[in-house]
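Taking it in order: structure first as structure tokens, then the write-up.
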Amino acid sequence: MAAYKLVLIRHGESAWNQENRFCGWFDADLSEAGEKEAKRGGQALKDAGYEFDICYTSVLKRAIRTLWFVLDSVDQMWLPVHRTWRLNERHYGGLTGLNKAETAEKHGEAQVKIWRRSFDVPPPPMDEGHNYYQNISKDRRYGDLTGDQLPSCESLKDTIARALPFWNEEIVPQIKKGKRVLIAAHGNSLRGIVKHLEGMSEEAIMELNLPTGIPIVYELDKNLKPTGPMQFLGDEETVRKAMEAVAAQGKAKK
Amino acid sequence: MTPLLLVLRMSKYRLVLLRHGEGAWNKENRFCSWVDQKLSEEGVKEARDCGRLLKEQGYKFDLVFTSLLSRSIHTAWLVLEAMGQEWVPVVKSWRLNERHYGALIGLNRAEMALQHGEQRVKLWRRSYDITPPLIDESHPYYMEIYNDRRYATCDVPKENLPRAESLKEVLDRLLPYWNSTVVPEILKGKTILISGHGNSCRAILKHVEGVSDDDIANVTLPTGVPVQLELDENLKPVKPRQLLGDQAKIQAAIKKVEDQGKAKQAT
């Protein structure tokens with residue numbers, strides 16, 4: 001019998017996803033499709049009768065608004081919500097704003113492959129000349145971050161390194177107090193939590209693409225080890241498709 | 001105080017109060033109070049318009065406070081969305097809840113006014129210290145309110161939560177929160193939005209502006225209109241409260257709220 005249950009949800013399609021642009025810390029909003037994904041995820045939690053005690057999210061609207069849609073669906077808008085930059089999406093540095101074609105053109109296919117396959121090689125930094133520098137690095141919401149904390153770019157390793165302290169210091173104590181936690185965040189920050197929970201290797205976590213808009217449930221023992229694989233909530237077809245997509249990822253040609 | 005002295009007092013802090021927009025029961029003229037009604041479509045629109053206005057006027061919030069009632073929380077979310085400030089922390093407390101109307105919850109204001117007279121209804125709505133009759137287990141909304149899990153998370157045990165309140169009693173439970181939690185943030189220089197309810201906002205105004213027990217009856221806050229307070233270093237207002245936005249619309253909104261208290265005449 002699991003001691004605790006944890007629910008994660010990765011936000012759905014953003015306006016920049018539609019354009020295939022590296023988004024990272026750019027505060028893109030959900031597209032209409034992304035909003036539908038969030039509502040569907042919320043409905044799945046409502047249908048399964050989930051109750052939460054505390055919620056965590058990033059400071060990016062696509063995750064926050066996903067959480068809001070979910071809380072509205074489960075009629076728990078009154079829950080405390082903690083927002084943190086540490087759950088933000090990975091910072092794509094100089095690649096922020098570029099689409100796939102532009103990136104390959106600018107940096108060459110070979111370099112792009114290295115970045116995509118690497119756990120710890122960061123993309124080029126976002127410097128002061130970057131067209132999104134003011135918009136991101138100088139945004140008021142990051143005003144309290146120290147020079148060391150505010151990234152100019154991140155590898156997946158970097159993302160996980162700044163997400164895990166929050167998990168360990170803020171989230172874990174709440175879970176251990178018996179609080180039922182909901183985390184609405186991004187592909188790479190959630191990868192950090194999943195890698196940690198399941199003790200996955202760097203290669204394995206890079207193969208894993210979490211489904212979007214689908215509540216991901218972990219049952220944990222008293223040491224916060226998962227008692228089984230992650231489960232997806234939703235109608236049969238949605239869940240089956242998500243499970244198949246995840247299973248196929250490991251076999252995909254790179 | 002002479003106008004010259006007023007000019008010399010500097011505004012150090014800025015605070016915005018907002019009464020949420022229309023809920024389904026506002027339209028029906030029923031006392032909603034602690035029943036967790038959602039915003040109506042009109043109420044959603046009011047919140048978005050308010051957000052747009054605050055964005056145009058260049059507001060940059062650092063912190064938002066709401067009650068535990070969905071309509072005030074939803075209003076805050078819609079305002080933050082319109083402003084692109086979804087990342088701003090939102091803190092929720094029952095102490096900012098709407099006034100608890102006791103046994104009058106769910107009753108239609110017009111019917112009550114016809115039964116008890118406009119004056120008595122006005123007294124319950126607008127007097128400072130007259131408590132309406134208490135809600136009890138026989139009331140149709142009792143279970144819905146007190147079985148709600150959110151009221152097991154408050155800083156007082158559920159059995160000590162109100163069963164009816166006068167405006168005075170609203171301020172009695174709001175003021176400790178104001179002092180312990182809101183004031184320190186104001187003093188840190190944070191720009192704060194309080195997304196609240198008609199009576200919790202009036203209670204704050206009474207306290208901050210020093211409105212008398214008699215005069216507070218005449219203070220009507222329209223829905224969906226941001227109220228700006230500019231305060232000195234002692235948190236005293238340096239000028240009269242400002243209702244932001246189109247002044248003609250604001251007057252119409254005030255009238256709408258005042259008319260709700262009046263009985264419909266039988267035809």
Side-chain angles (χ1 to χ4, degrees), chain A residues 11 14-15 25-30 35 38 49-89 135-136 138-145 174 177-180 184-186, chain B residues 20 23 34-39 44 47 51 55 58-98 144-145 147-155 181 188-191 195:
Chain A
H11 70 79
S14 75
W25 281 36
F26 177 75
D27 203 12
D29 206 349
L30 293 170
E35 291 186 356
Y50 272 74
E51 289 183 346
F52 300 103
D53 299 301
I54 191 165
C55 310
Y56 296 95
T57 185
S58 72
V59 293
L60 298 167
K61 67 178 72 171
R62 55 200 191 269
I64 299 166
R65 292 191 66 226
T66 293
L67 177 62
W68 286 354
F69 279 118
V70 169
L71 291 180
D72 191 0
S73 295
V74 296
D75 201 17
Q76 294 168 51
M77 289 163 98
W78 53 271
L79 289 174
V81 173
H82 294 276
R83 298 157 172 76
T84 174
W85 66 274
R86 290 181 180 276
L87 287 175
N88 269 16
E89 179 51 294
N135 174 281
I136 296 173
K138 293 297 183 190
D139 191 290
R140 191 164 67 91
R141 79 194 74 184
Y142 304 119
D144 287 340
L145 270 62
Q174 293 299 319
K177 275 190 211 172
K179 302 289 184 191
R180 295 160 296 185
H186 308 260
Chain B
H20 66 77
W34 281 38
V35 174
D36 199 27
Q37 282 278 299
K38 300 283 171 90
L39 293 175
V44 166
K55 180 181 177 174
Y59 278 80
K60 296 188 163 103
F61 292 114
D62 298 302
L63 186 52
V64 178
F65 290 98
T66 75
S67 73
L68 287 187
L69 296 163
S70 297
R71 57 200 190 268
S72 83
I73 300 165
H74 195 191
T75 295
W77 290 358
L78 290 165
V79 167
L80 290 175
E81 248 174 41
M83 302 177 79
Q85 295 178 27
E86 296 91 337
W87 58 269
V88 172
V90 177
V91 176
K92 308 168 176 98
S93 173
W94 75 275
R95 291 179 181 275
L96 290 173
N97 268 23
E98 178 52 297
E144 191 176 309
I145 295 171
N147 282 352
D148 193 296
R149 196 161 60 89
R150 78 195 75 186
Y151 295 119
T153 68
C154 301
D155 62 353
T181 309
K188 284 180 200 168
K190 299 211 179 151
T191 305
S195 173

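The basis for the numbers below is simple: all heavy atoms, side chains too, and nothing from hydrogens, waters or symmetry mates. Each chain gets a letter, A, B and so on, in the order its sequence line appears, and its residues count up from 1.
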Contacting region of [X] [heavy-atom separation from chain B under 4.5 Å]:
X: A:Glu51; answer: both
X: A:Arg141; answer: both
X: A:Leu71; answer: side chain

Task: Residues in residues 62-69 of chain A that sit under 4.5 Å from chain B, counting heavy atoms only - done: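 Within residues 62-69 of chain A, near chain B: A:Ile64, A:Arg65, A:Trp68.
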
Open item on the list: Suppose a student defines contact as a heavy atom less than 4.5 Å from any heavy atom of chain A. Which residues in residues 77-87 of chain B would they list?
Closed with: B:Trp77, B:Leu80, B:Glu81, B:Gly84, B:Gln85, B:Glu86, B:Trp87

TODO: Select all residues of residues 67-75 of chain B having any heavy atom within less than 4.5 Å of some heavy atom of chain A, and report them by number, or 'none'.
DONE: B:Leu68, B:Ser70, B:Ile73, B:His74

Task: B:Lys55 atom NZ, neighbour heavy-atom count above 12 within 6.0 Å - done: no

- [ ] Flag yes if more than 12 heavy atoms outside A:Asp144 fall under 6.0 Å of its CG atom; otherwise flag no.
- [x]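 Atom CG in A:Asp144 is not crowded, with 12 or fewer foreign heavy atoms closer than 6.0 Å.
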
TODO: Mind checking the CH2-CH2 spacing from B:Trp94 to A:Trp78? Nearest 0.5 Å is all I need.
DONE: 15.5 Å

Task: From A:Leu79 atom CG to B:Lys92 atom NZ, the distance as rounded to the nearest 0.5 Å - done: 7.0 Å

Open item on the list: Donor-acceptor check, side chain of B:Arg149 to backbone of A:Phe52, threshold 3.5 angstrom: yes or no?
Closed with: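 Checking the backbone N and O of A:Phe52 against the side chain of B:Arg149, a donor-acceptor pair under 3.5 Å is found.
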
TODO: Name all residues meeting the ring pair (Phe, Tyr, Trp, His ring centres under 6.0 Å) criterion together with A:Phe26; count only those two or more places apart in sequence or in a different chain, and write none if there are none.
DONE: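 With sequence neighbours excluded, A:Phe26 shows a ring pair (Phe, Tyr, Trp, His ring centres under 6.0 Å) to A:Trp16, A:Tyr132, given in chain and number order.
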
Task: chain A contact via B:Lys38 - which portion, at a heavy-atom distance below 4.5 Å - done: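 Looking at B:Lys38, just its side chain touches chain A.
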
- [ ] Count the heavy-atom pairs under 4.5 Å between each of B:Val88, B:Thr153, B:Val91, B:Thr66 and chain A, then report the option with the highest count.
- [x]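 The candidate making the most pairs under 4.5 Å is B:Val88.
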
